[in-house]
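Heads up: the structure comes next, in structure tokens.
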Amino acid sequence: MKVGDRVRVSASVVVYHHPEHRGEAFDIKGEEGEIIGIVSEWKGKPISANFPVLVKFSKKFRAHLREDEVETVEATD
């Protein structure tokens, strides 16, 4: 996986910060988005983040996920 890849959430992941369901439990399994960042360092020092994959699902919704919670989606042209 790398920045720019299209991914789908393959595991059940409950979030509370979804813009349309703020403050409520919302499962994002099956949602598709684009990887916009892989967290591997902070202030120039290497780190091991618990949720290193930053995925943008819409203009207002992003989430940090583990690598085993997402799968790449083949591009259809």
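Partners of His64 under the ring-ring contact (aromatic ring centres under 6.0 Å, His included) rule, at least two apart in sequence or in another chain, do not exist in this structure. Qualifying ring-ring contact (aromatic ring centres under 6.0 Å, His included) partners for Phe51, counting only residues two or more places apart in sequence or in other chains: none. Every residue was checked against the salt bridge (Lys or Arg N to Asp or Glu O under 4.0 Å) condition with Asp27, not counting sequence neighbours, and none meets it. With sequence neighbours left out, Lys2 forms a salt bridge (Lys or Arg N to Asp or Glu O under 4.0 Å) with Asp5.
Ile47 and Val3 fall into different hydrophobic clusters, where Ile, Leu, Val, Met, Phe, Trp and Tyr are joined by side-chain heavy atoms under 4.5 Å apart, directly or via other members. Under the 4.5 Å side-chain contact rule for hydrophobic residues, Met1 and Ile28 share a cluster.
The list of salt bridge (Lys or Arg N to Asp or Glu O under 4.0 Å) pairs with a residue in residues 57-66, not counting sequence neighbours, reads Arg66-Asp68, Arg66-Glu69.
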Before giving the answer on ring pair (Phe, Tyr, Trp, His ring centres under 6.0 Å), spell out for Phe57 and His18 the whole-Å C-alpha distance, their side-chain angles and the decisive distance to 0.1 Å. CA-CA 10 Å; Phe57 294 99; His18 191 279; 8.3 Å; no

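Put simply, CG on Leu65 and CG on Leu54 are 8.5 Å apart, with the number rounded to the nearest 0.5 Å.
Relative ring orientation between Phe26 and His21 is described as parallel, the plane-to-plane angle staying below 30° on a 0-90° scale split at 30° and 60°.
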Using atom types as modelled, flag every donor-acceptor pair under 3.5 Å from a side chain in residues 31-40 to any protein atom, sequence neighbours excluded.
from	atom 1	to	atom 2	distance (Å)
Glu32	OE2	Arg8	NE	3.3
Glu32	OE2	Arg8	NH2	3.1

